[in-house]
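Below, all heavy atoms of this structure are taken into account, side chains as well, without hydrogens, waters or symmetry copies. Lettering of chains follows the sequences in order, A, B, ..., and the numbering in each one begins at 1.
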Amino acid sequence: MAGEMRRPVQALSRATTILAALALVGLFLILPAAFVFTEALAKGAAFFLGSLAQPETLAAIRLTLIVAAISVGANTIFGLAAAWCIAKFEFSGKSALVTLIDLPFSVSPVIAGLVFVLLFGAQSWLGPVLAGHGLRIVFALPGMVLATIFVTFPFVARQLIPLMREQGIGEEEAALTLGASGLQIFWRVTLPNIRWALLYGVLLCNARAMGEFGAVSVVSGHIPGVTMTMPLQVELLYNNYDLAGAFAVAALLALLALVTLIAKAVLEWRHGSELAVDRPGA
Amino acid sequence: MSVQIRGLTRRYGREAALAGIDLEVGDGELLALLGPSGAGKTTLLRVIAGLDRPDAGTVLIDGRDVRRLSPRERQIGFVFQSYALFRHMNVARNIGFGLSVKPRRERPSRQAIARRVEELLELMQLSGLGRRFPAQLSGGQRQRAALARALAIDPKLLLLDEPFGALDAKVRAELRVWLRDLQHRLRLTTIFVTHDQHEAFQLADRVAILNGGRVERIGTPREIRAHPATPFLAEFLGAADHAIANDRAGPAIKPCDPADPPPECGSLGVAPVAAYSDNLPMDQTVFDYAPPRPSDAAVPAAADRPREPLSATDRPVVSAGELWVVELAAEGLSRFEQDALVSANVIIYDRTLASTVSAALALGGYAEPASDNSAERCLGFVRDGWSVVRVVDRGVADFLAQLRMLALRLSAAGAPEDLPVSALACRGGADPKRIETRLADLDTLPEELKQVGGRAVGFAAFGGSKAALPHAVAFNGLAG
């Protein structure tokens with residue numbers, strides 16, 4: 001009797017749970033995204049494209065792409081190097097390094113930005129020296145790139161460390177005894193083994209780099225057309241009561257996020273076994 | 001390629017993994033590094049390969065100090081315990097890797113690399129598997145692929161770290177024999193690490209026993225077994241290996257001196273040293289034993305054969321130029337089987353019997369698993385004046401089927417009509433009922449043997465009980 005009773009009860013509770021989850025996802029994820037797109041297109045596609053074609057907005061898009069390209073590139077190299085060190089070598093202070101890599105996750109982006117202002121700003125001792133050589137860090141591209149790199153640093157490394165650790169150094173040692181040089185080992189053994197995980201990390205890193213607001217906001221100085229990235233531009237337009245313009249840029253950002261998400265899903269579907277740590281059959 | 005190791009020391013913190021190792025490995029020698037885990041075996045191998053740096057001491061390869069050479073300059077083939085095959089490359093590209101990373105001036109052409117890969121695939125019995133990925137191979141195949149990859153660079157020295165450690169017992173026994181043969185054929189100086197003393201004694205020309213980072217003892221298997229010089233050794237050697245008699249020197253296969261090959265050295269370049277023990281079960285049996293020796297000019301007629309049980313000292317001795325087909329008994333080697341195996345130069349065995357035969361291998365000379373062309377191989381060995389025993393699967397039906405198959409293949413391979421082929425099937429055991437059914441099986445054997453081209457000479461031995469006698473007598477009567 002109890003068993004028969006339990007089954008419908010279980011089914012009911014399962015349905016309730018699923019419904020609750022779906023409702024939450026709909027309310028907090030799908031609804032806002034849909035809202036962004038409907039608002040952006042509320043006045044028609046022509047108006048949407050027109051808002052994006054504003055010179056300041058175009059400049060913001062360009063700047064975002066530049067900042068993302070540099071910081072993702074840098075973090076790919078840093079992440080690879082860090083993961084390589086941590087996974088393939090034994091040295092003292094290794095666990096401290098692992099903790100440090102996670103630091104950007106735990107530090108508020110605003111504080112991260114502030115650190116760069118304090119370090120390179122006009123009030124710091126380093127800023128005037130650099131300014132004397134014609135180098136502007138804060139309120140210019142270099143500062144924004146530095147802040148973005150800081151915030152997005154863990155993404156690539158985090159993705160690679162567990163995989164490379166699990167793979168060990170056996171294949172690299174085998175390649176070494178077979179006469180391969182360091183570069184040959186990297187390009188022909190190490191990189192192919194981690195390529196999908198690396199791409200996955202790069203995608204995540206890129207999504208975050210394009211969407212970063214807090215740290216970039218602090219170091220940017222909000223100079224329209226010069227140091228405004230897309231997230232900053234959204235805020236500026238919104239504060240200027242240009243709602244349609246704000247939503248147009250926001251929709252573009254959301255679209256980038258969606259593309260990343262789809263690429264990520266495709267990767268997981270095609271190469272899921274090479275992204276995870278425990279890989280069957282290997 | 002010879003190796004001299006002098007005063008090699010390697011410390012990890014306070015632990016000394018190597019505490020002053022002195023070792024010499026001769027050209028073409030197969031040396032086993034044997035010892036309990038933590039003895040420093042793998043560390044020693046890694047230091048020789050250059051994957052680990054010694055704190056003190058030197059490694060001389062052909063008299064040249066290799067301390068300053070990086071692993072990639074040493075040209076040493078290294079087979080890792082986990083094989084470390086490149087998981088994203090197929091087998092062919094794995095094997096060709098060492099050639100494809102050579103500097104452009106020395107790099108062979110794409111076609112030349114492909115040819116070499118094909119050769120190695122064939123040598124390693126991996127033909128047709130070149131396009132598979134490592135994850136799609138069995139353990140034994142991976143092991144052979146890793147070996148092929150190491151051999152592709154024409155190494156001067158081959159290092160194997162627990163080459164059979166990750167394989168199950170059956171595959172291990174097969175690969176061991178295969179590797180021993182390969183090593184002797186290539187005459188490649190080889191050092192392998194193992195913690196399995198049976199493996200070490202079976203394979204190696206010399207065995208170095210390591211303990212606590214030192215060489216406890218080095219010598220031929222026979223020397224070490226005969227005089228375990230230290231208490232550690234006596235304990236270490238005594239702890240295992242009751243599978244085969246323990247008072248016997250280990251099986252020894254000596255590579256022949258190619259400049260001056262002794263007469264018993266056949267095409268394999270291996271001189272068999274047979275040694276065996278009587279400490280096996282079934283020595284309390286009554287045998288009816290009537291060996292029709294095909295080499296004897298006057299084989300007595302069946303009626304003239306001795307009818308009374310013979311003493312156990314009458315052993316089937318396989319003479320030069322004979323081919324025997326032996327069926328292994330289920331309960332382990334019988335006395336007769338042992339004798340047949342011991343007196344053979346070559347044992348060809350069925351794959352399914354690898355684990356049983358691994359014990360038999362220790363008794364005989366050279367052994368190899370049966371393959372599609374084993375009839376040709378048998379014939380080749382016989383023509384070279386070797387005595388060959390082909391061990392077949394147990395069960396009379398199987399035995400007969402294999403005999404017939406072998407006969408067909410032999411005549412296809414051009415065997416002479418009067419090639420002496422003997423068949424040995426042993427029947428015994430303690431359970432009278434089982435013996436009864438098995439003997440009944442056997443009654444049909446002689447007729448079958450006659451059908452095998454008239455070349456086979458029936459031959460049976462019985463163990464266990466006197467109830468076997470009438471069957472045996474009848475069998476031998478028919479077989480003649």
Using heavy-atom distances under 4.5 Å, tell me whether [X] contacts chain A through its side chain, its backbone, both, or neither.
X: Ser70(B); answer: neither
X: Phe80(B); answer: side chain
X: Ala150(B); answer: backbone
X: Leu85(B); answer: backbone
X: Ile76(B); answer: backbone
X: Arg46(B); answer: side chain

More than 12 non-hydrogen atoms from neighbouring residues, nucleotides or ligands closer than 6.0 Å to [atom1] on [X], yes or no?
X: Arg110(B); atom1: CZ; result: no
X: Glu15(B); atom1: CD; result: no
X: Glu122(B); atom1: CD; result: no
X: Phe213(A); atom1: CZ; result: yes
X: Phe28(A); atom1: CZ; result: no

So, for [X] and [Y], which heavy atoms are closest and what is the spacing to 0.1 Å?
X: Val101(B); Y: Gln184(A); answer: O-NE2, 3.0 Å
X: Gly179(A); Y: Arg72(B); answer: O-NE, 3.3 Å
X: Ala84(B); Y: Ala174(A); answer: O-CB, 3.9 Å

| field | Spacing of CG belonging to Leu178(A) relative to CZ belonging to Phe86(B), to within rounding of 0.5 Å | value | 5.5 Å
| Distance from Thr177(A) atom OG1 to Leu159(B) atom CG, nearest 0.5 Å? | 9.0 Å
| query | Considering only heavy atoms, which portion of Glu171(A) lies under 4.5 Å from any heavy atom of chain B: side chain, backbone, both, or neither? | reply | both
| Are Phe78(B) and Leu176(A) side-chain neighbours, meaning at least one heavy-atom pair lies under 4.5 Å? | no
| request: Give a yes or no answer on whether the side chain of His88(B) reaches the backbone of Arg188(A) with a donor-acceptor pair at less than 3.5 Å. | output: yes
